[in-house]
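Residues take their numbers from the sequence shown, with the count starting at 1. Keep in mind the model is a prediction, meaning the values are calculated, not measured.
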Amino acid sequence: MKTVGDKLEHFKVVGVKPGFNQPEEHGQSAFEDITEQSFPGKWKVIYFYPKDFTAVCGSEVVAFDKLAKAFSDHNAVLLGGSTDNEFSKLGWRREAAELDKLGHYNFADETGSLVDQLGVRDKQAGVALRATFIVDADNVIQHVSVNTLKVGRNPEEILRVLDALQTDAFCPCNREPGGATL
């Protein structure tokens with residue numbers, strides 16, 4: 001499993017854009033390829049969940065979505081996904097009222113390009129574990145948390161960690177005795 005200090009290598013997933021419920025709306029595709037080069041200059045909060053159309057996964061996606069603007073205010077792109085395909089994600093958005101017009105990217109990692117690179121696929125079930133990665137603007141992993149399939153996350157805690165990472169230079173633990181930043 002990749003960990004803090006490791007860099008994202010090349011990956012390609014299918015992103016489902018925020019606000020879309022159909023494959024095409026107003027002449028625009030709901031889909032775009034997302035790679036390690038997408039969103040230059042932005043931090044990325046990448047969270048995985050096991051499957052679309054499940055209760056715990058849906059409540060987590062909604063909880064993250066409620067904080068989408070706060071993540072954006074921290075110069076971070078919020079990316080939530082699983083190994084289900086992009087059409088499953090759109091179907092889930094249409095079927096679950098709380099996911100209607102979701103305000104952040106969903107991604108489909110059907111080939112395992114990202115989930116396997118990061119090493120967070122459950123060996124028994126073959127799906128993504130509940131893993132969260134905070135990646136800085138240089139694609140270096142700054143935070144990792146991984147839960148079993150049954151245990152959800154607290155998105156507010158992820159936002160707190162992102163804030164702490166971005167204010168790292170102001171932490172007294174990163175200063176030499178004379179006050180200079182290490």
Between Glu36 and Lys7, is there a salt bridge with N-O shorter than 4.0 Å?
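Glu36 and Lys7: not salt-bridged.
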Verdict with reasoning, Val45 to Val77, per side chain to side chain contact (heavy atoms under 4.5 Å, CB included):
CA-CA 6 Å; Val45 175; Val77 178; over 6 Å; no
Side-chain contact test, heavy atoms from C-beta onward, threshold under 4.5 Å: evaluate it for [X] versus [Y] and give yes or no.
{"X": "Ile141", "Y": "Leu118", "answer": "yes"}
{"X": "Ser82", "Y": "Val127", "answer": "no"}
{"X": "Phe39", "Y": "Leu79", "answer": "yes"}
{"X": "Leu129", "Y": "Tyr49", "answer": "no"}
{"X": "Ile34", "Y": "Val14", "answer": "no"}

Check [X] against [Y] and note the closest heavy-atom contact, atom names and distance.
{"X": "Ala70", "Y": "Leu159", "answer": "CB-CD2, 3.6 Å"}
{"X": "Gly41", "Y": "Asn75", "answer": "O-ND2, 2.9 Å"}
{"X": "Glu25", "Y": "Gln22", "answer": "OE2-N, 2.7 Å"}
{"X": "Ala68", "Y": "Gly103", "answer": "CB-O, 4.0 Å"}
{"X": "Val13", "Y": "Ala108", "answer": "CB-O, 3.5 Å"}
{"X": "Ser113", "Y": "Lys12", "answer": "OG-N, 3.0 Å"}

Could you state the interatomic distance from CG (Leu90) to CZ (Phe20), rounded to the nearest 0.5 Å?
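Rounded to the nearest 0.5 Å, the CG-CZ separation comes to 9.5 Å.
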Could you tell me the separation between the NE2 atom of His10 and the CG atom of Leu114, rounded to the nearest 0.5 Å?
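It is 11.0 Å, given to the nearest 0.5 Å.
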Begin with the C-alpha distance, continue with both residues' side-chain angles, and end with the deciding distance and a verdict on side chain to side chain contact (heavy atoms under 4.5 Å, CB included) for His74 and Asp163.
CA-CA 7 Å; His74 280 78; Asp163 185 57; 3.1 Å; yes
Would the distance check show the side chain of [X] and the main-chain N or O of [Y] forming a donor-acceptor pair, the cut-off being under 3.5 Å?
{"X": "Asn21", "Y": "Lys101", "answer": "yes"}
{"X": "Asp100", "Y": "Glu95", "answer": "no"}
{"X": "Lys2", "Y": "Gln117", "answer": "no"}

Got a sec, which residues hit side chain to side chain donor-acceptor pair (under 3.5 Å) with Asp65, two or more places apart in sequence or on another chain?
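Per chain and number, Asp65 pairs via side chain to side chain donor-acceptor pair (under 3.5 Å) with His104.
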Test of understanding: with side-chain contact (heavy atoms from CB on, under 4.5 Å), list the residues that count as partners of Asn154, not counting sequence neighbours.
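In terms of side-chain contact (heavy atoms from CB on, under 4.5 Å), with neighbours along the sequence ignored, Asn154 is linked to Glu156, Glu157.
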Just do the side chain to side chain donor-acceptor pair (under 3.5 Å) check on Ser145 and Arg153 with the steps written out, would you?
CA-CA 9 Å; Ser145 64; Arg153 290 159 283 207; over 6 Å; no
Determine the interplanar angle of the Phe64 and Phe71 rings, folded into 0 to 90°, and report it as parallel if under 30°, tilted if 30 to 60°, perpendicular if over 60°.
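Tilted: the ring planes of Phe64 and Phe71 meet at 30° to 60°.
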Parallel, tilted or perpendicular for Phe133 and Phe48, by the 30°/60° rule?
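Rings of Phe133 and Phe48: perpendicular, over 60°.
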Any donor-acceptor N or O pair under 3.5 Å, side chains [X], [Y]:
{"X": "Arg130", "Y": "Thr148", "value": "no"}
{"X": "Asn139", "Y": "Lys44", "value": "yes"}
{"X": "Thr83", "Y": "Asp109", "value": "no"}

Would Val16 and Phe31 count as a side chain to side chain contact (heavy atoms under 4.5 Å, CB included) if you check the C-alpha gap in whole Å, the side-chain angles of each, and the deciding distance to 0.1 Å?
CA-CA 5 Å; Val16 180; Phe31 309 125; 4.0 Å; yes
Using the rule side chain to side chain contact (heavy atoms under 4.5 Å, CB included), only one of Val120, Ile158, Asn147 pairs with Thr132; which is it?
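Filter result, single survivor: Ile158.
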Applying the side chain to side chain contact (heavy atoms under 4.5 Å, CB included) criterion to Gln142, which one of Val135, Leu162, Asp136 satisfies it?
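For Gln142, the side chain to side chain contact (heavy atoms under 4.5 Å, CB included) check succeeds only for Asp136.
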Lys51 atom NZ: more than 12 heavy-atom contacts under 6.0 Å:
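Count not over threshold, so no.
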Does Gln124 have more than 12 heavy atoms from other residues, nucleotides or ligands lying within 6.0 Å of its CD?
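It does not: Gln124 CD has 12 such atoms or fewer within range.
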Path from [X] to [Y] over hydrophobic side-chain contacts below 4.5 Å:
{"X": "Met1", "Y": "Leu149", "answer": "yes"}
{"X": "Phe53", "Y": "Leu102", "answer": "yes"}
{"X": "Val146", "Y": "Ile134", "answer": "no"}
{"X": "Trp43", "Y": "Tyr47", "answer": "yes"}

Go through the steps for Ile46 and Leu8 under the test side chain to side chain contact (heavy atoms under 4.5 Å, CB included), then give the verdict.
CA-CA 11 Å; Ile46 303 168; Leu8 286 182; 4.3 Å; yes
Applying the side-chain hydrogen bond (donor to acceptor under 3.5 Å, both in side chains) criterion to Tyr105, which one of Glu32, Lys17, Lys89 satisfies it?
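Among Glu32, Lys17, Lys89, the one that satisfies the side-chain hydrogen bond (donor to acceptor under 3.5 Å, both in side chains) with Tyr105 is Glu32.
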